[in-house]
Undergrad: 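My questions all concern the structure below.
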Amino acid sequence: MIALVDGNNFYVSCERVFDPRLEGRPVGVLSNNDGCVVARSEELKALGVAMGAPLHLLPPDIRRRAALLSSNYALYGDMSRRVNQVLAEFSPDVEPYSIDESFVGFDGFPAARLEAHCRALRDTVGRWTGIPVGVGVAPTRVLAKVANHQAKREPAHEGVCLLGADDAATRRVLERLPVTALWGVARRSGERLALMGIDTAWQLREADPRWVRSRFSVVMERLIWELRGRPSITLDDMSEPRQRILVSRSFGRLTGDLDELRAAVRQHGARAAEKLRRQGSQARALQVFLRTNPFLAGEPQYRNSVVVALPEPTDDSRAVLEAASRGLEALFLEGYRYQKCGVMLLDLVEAERRQLPLLDGPAGEARRDRSRRLMAALDRLNREMGRDTVRFGLPRRDSAWALRCQRRTPRYTTRWDELMRVKTA
DNA sequence: TCTGGGGTCCTAGGACCC
DNA sequence: TCTGGGGTCCTAGGACCC
């Protein structure tokens, strides 16, 4: 059996741990740039605020009544680690899946004691971290997701729900579950399934796997096996290095200025290179993209991207920045007001295993050695002295790409200075 | 004035090879 | 006179997730 444990309204719950005045109030956490609502307390959901609702379209009375906070990822990441530490006390097999959910394996655990064990897990997470969680347990990941959904929806479960593959209870749940509520079925597939008369999770479970595969893909076929209780989805190992690294941001205000765009692209490239070195990889290519704001119907629209090959696999910020700048020059067109740009590192290889250029003698090796030492020193300074202690080129104040986040709470768990400020305020 | 950011997997189709 | 078939690799784009 496998459990899915996830935090209820996770970001909101994290904020509430450190500011109990938020209890019982409608609370929302906003995306970057204070753009959209990405987490909602139950009270905010009750007011009809949808997931992803743009802040500027919320009715004024809701904006007045609700606490709407900028996201504080340093805090949420730290709380996520704490939750996983508690989970590890209950099973050696914990797979973090996202910042707010983890799969916990209970293979070989006595079935009779599983429910009590999961209730103890839930209580302990609540007591030790302050985060309320829901626990869904089933033979497969897809069913565990369904069980988790039930655990939260039906108060009678008190946060823990077990589903067997062939229980009558499981059938009743699946018959009432819209197929688009399943993990992996969203609007597009939902529309196509509806045309074939498949509206509920149970109908999908009863469909012919081969037929579904021919109409959709192997992904949908696996879903059927999972619903029937045969594990068919393996998670990508979260400890494996990423295959791509993307850094992108919307601008705080639109800009058509190439210098500003260059500054943003260089900032993103530098951040991406840091991530690259942290996971011990090197990139062989990168992609730069640029776009206007698609929501502004009256504005001329432009979006484009370009892939730039790197001369040799590298994790050197200077090489990444140089290539990213060239990519931007190739993309940039005058006369548009741009809203977002980004840099994606592609074709990643492990630093130790990378293939060196042919005909590259001792000079090349010496150059790479200097690069390694320089980057290591750079990362160490920024780690120990604070982010952006050392950076490439001059920062510009009030540049277009500076993020808006005017509603951020203190980074309670990772910044002593901000914590002290709260205490003395 | 104001609509996030960072990932994964799969498939189709073209290029290329023998 | 005759114009195949099968394989691999790569890329772009779709769909989905949190």
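What you are looking at is a predicted structure, and each value in this text was computed from that prediction instead of being measured. Each chain gets a letter, A, B and so on, in the order its sequence line appears, and its residues count up from 1. Heavy-atom basis, side chains included; hydrogens, waters and symmetry copies ignored.
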Undergrad: Nearest heavy atom decides the nucleotide; on that basis, is A/K275 or A/R291 closer to the 5' end of DNA chain B?
TA: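 Checking each residue's closest nucleotide, the 5'-ward one belongs to A/R291.
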Undergrad: Whole angstrom is fine here: how far is it from CG in A/L58 over to P in B/dT3?
TA: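 Interatomic distance, CG of A/L58 to P of B/dT3: 13 Å.
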Undergrad: OP1 or OP2 of B/dG6 less than 4.0 angstrom from a side-chain nitrogen or oxygen of A/R249, does that happen here?
TA: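 Answer yes for this pair, as a side-chain N or O of A/R249 is under 4.0 Å from OP1 or OP2.
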Undergrad: Can A/R266 be said to sit on top of A/F392's aromatic six-ring, NZ or CZ under 6.0 Å from centre and within 45° of the ring axis?
TA: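 Verdict for A/F392: no cation-pi partner in A/R266.
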Undergrad: State whether a side-chain donor-acceptor pair under 3.5 Å links A/E15 with A/Y76.
TA: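 Yes, A/Y76 and A/E15 have a side-chain donor paired with an acceptor closer than 3.5 Å.
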Undergrad: Side chain of A/S31, heavy atoms from C-beta onward: which of B/dG4, C/dC18, C/dC17 has the nearest atom to it?
TA: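 For the A/S31 side chain, the nearest candidate turns out to be B/dG4.
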Undergrad: Output the rounded distance in Å from CG (A/N293) to P (B/dC2).
TA: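 One finds 8 Å between P of B/dC2 and CG of A/N293, rounded.
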Undergrad: Any carboxylate oxygen within less than 4.0 angstrom of a Lys/Arg side-chain nitrogen, looking at A/R119 and A/D123?
TA: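 No, A/R119 and A/D123 are not salt-bridged.
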Undergrad: Please measure how far the C1' atom in B/dC2 lies from the corresponding atom in C/dC18, and state the result in whole Å.
TA: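 Result for the C1' pair: 24 Å, nearest Å.
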Undergrad: Does a side chain donor of either A/S70 or A/D34 reach within less than 3.5 Å of an acceptor in the other side chain?
TA: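 The criterion, which ignores hydrogens and geometry beyond distance, is satisfied for A/D34 and A/S70.
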Undergrad: From CD of A/E95 over to P of C/dC17, roughly how many Å is that when rounded to an integer?
TA: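 Rounding to the nearest Å, CD of A/E95 and P of C/dC17 are 18 Å apart.
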Undergrad: Using whole Å, what does the distance between atom C1' of nucleotide B/dG6 and atom CD of A/Q243 come to?
TA: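 The distance from CD of A/Q243 to C1' of B/dG6 comes to 14 Å, rounded to the nearest Å.
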Undergrad: Salt bridge check, A/R172 against A/E154: does any charged N sit closer than 4.0 Å to a carboxylate O?
TA: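 Answer for the salt bridge query: no.
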Undergrad: What's the closest nucleotide to the side chain of A/Y97 if the choices are B/dG7, B/dC9, C/dC18?
TA: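 Among the listed nucleotides, the one closest to the side chain of A/Y97 is C/dC18.
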Undergrad: Looking at B/dC10, B/dC2, B/dG5, which one has an atom nearest to any side-chain atom of A/N33?
TA: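 Of all the options, the side chain of A/N33 is nearest to B/dG5.
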Undergrad: Could you state the atom-to-atom distance from CD of A/Q267 to P of B/dG5 in whole Å?
TA: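 For the pair A/Q267 CD and B/dG5 P, the rounded distance is 13 Å.
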Undergrad: If you draw the axis of the six-membered ring of A/W225, does the NZ or CZ of A/R222 fall within 45° of it and under 6.0 Å from the ring centre?
TA: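 No.
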Undergrad: Of all the choices, B/dC2, B/dG6, B/dC9, which nucleotide is nearest to the side chain of A/S248 once you look at every atom?
TA: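 Selected nucleotide (nearest to the side chain): B/dG6.
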Undergrad: Ignoring the backbone of A/K145, work out which of C/dC18, B/dT3, B/dG7 is nearest its side chain.
TA: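 In terms of side-chain proximity for A/K145, the closest of C/dC18, B/dT3, B/dG7 is C/dC18.
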Undergrad: Please pick, from C/dA15, B/dG4, B/dC10, the nucleotide with the shortest atom-to-atom distance to any side-chain atom of A/S189.
TA: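 In terms of side-chain proximity for A/S189, the closest of C/dA15, B/dG4, B/dC10 is C/dA15.
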Undergrad: By nearest atom, which of the nucleotides C/dC18, B/dT3, B/dC10 is closest to the A/V218 side chain?
TA: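 Of C/dC18, B/dT3, B/dC10, B/dC10 is nearest to the side chain of A/V218.
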Undergrad: Given C/dC16, B/dC2, C/dC18, identify the nucleotide with an atom nearest to the side chain of A/H56.
TA: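 The listed nucleotide nearest to A/H56's side chain is B/dC2.
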Undergrad: Grab the CG-C1' distance between A/L254 and B/dT1 for me, whole Å please.
TA: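 The distance from CG of A/L254 to C1' of B/dT1 comes to 10 Å, rounded to the nearest Å.
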Undergrad: In terms of side-chain heavy atoms of A/D100, which of C/dC18, C/dC16, B/dC10 is nearest?
TA: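 The nucleotide sitting nearest to the side chain is C/dC18.
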Undergrad: Between A/V219 and A/Y73, name the one whose nearest nucleotide on DNA chain B is closer to the 5' end.
TA: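 Nearest-nucleotide comparison on DNA chain B picks A/Y73.
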Undergrad: What is the pairing partner of B/dG13, taking Watson-Crick or G-U wobble pairs with both distances under 3.5 Å in any strand?
TA: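 WC or wobble partner is C/dC10.
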Undergrad: A/L348 has an atom CG; how far is it from atom C1' of B/dT8, in whole Å?
TA: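 Atom-to-atom, A/L348 to B/dT8, this comes out as 14 Å.
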Undergrad: Hey, can you pull the residues of residues 325-347 of chain A with a non-hydrogen atom under 4.0 angstrom from DNA chain B?
TA: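 Correct list: A/Q339, A/K340.
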Undergrad: List the steps and the verdict of ring-ring contact (aromatic ring centres under 6.0 Å, His included) for A/W183 and A/Y97.
TA: CA-CA 13 Å; A/W183 196 29; A/Y97 174 66; 5.5 Å; yes
Undergrad: Has A/R192 got a side-chain N or O lying under 4.0 Å from the OP1 or OP2 atom of C/dA15?
TA: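 False: A/R192 side-chain N/O out of range (4.0 Å or more) of C/dA15 OP1/OP2.
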Undergrad: Of the options C/dC16, B/dC9, B/dG4, whose atoms approach the side-chain atoms of A/V38 most closely?
TA: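 So the nucleotide nearest the side chain must be B/dG4.
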Undergrad: Answer yes or no: is there an ion pair linking A/K145 with A/E226, defined by an N-O contact shorter than 4.0 Å?
TA: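 No, A/K145 and A/E226 are not salt-bridged.
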Undergrad: Using OP1 and OP2 only, check whether a side-chain N or O of A/R244 sits under 4.0 Å from B/dG7.
TA: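 For B/dG7, OP1/OP2 do not have a side-chain N/O of A/R244 under 4.0 Å.
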Undergrad: For A/R242 and A/S281, test the side chains for any donor-to-acceptor distance below 3.5 angstrom and give the result as yes or no.
TA: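 Side-chain D/A pair, A/R242 to A/S281: absent.
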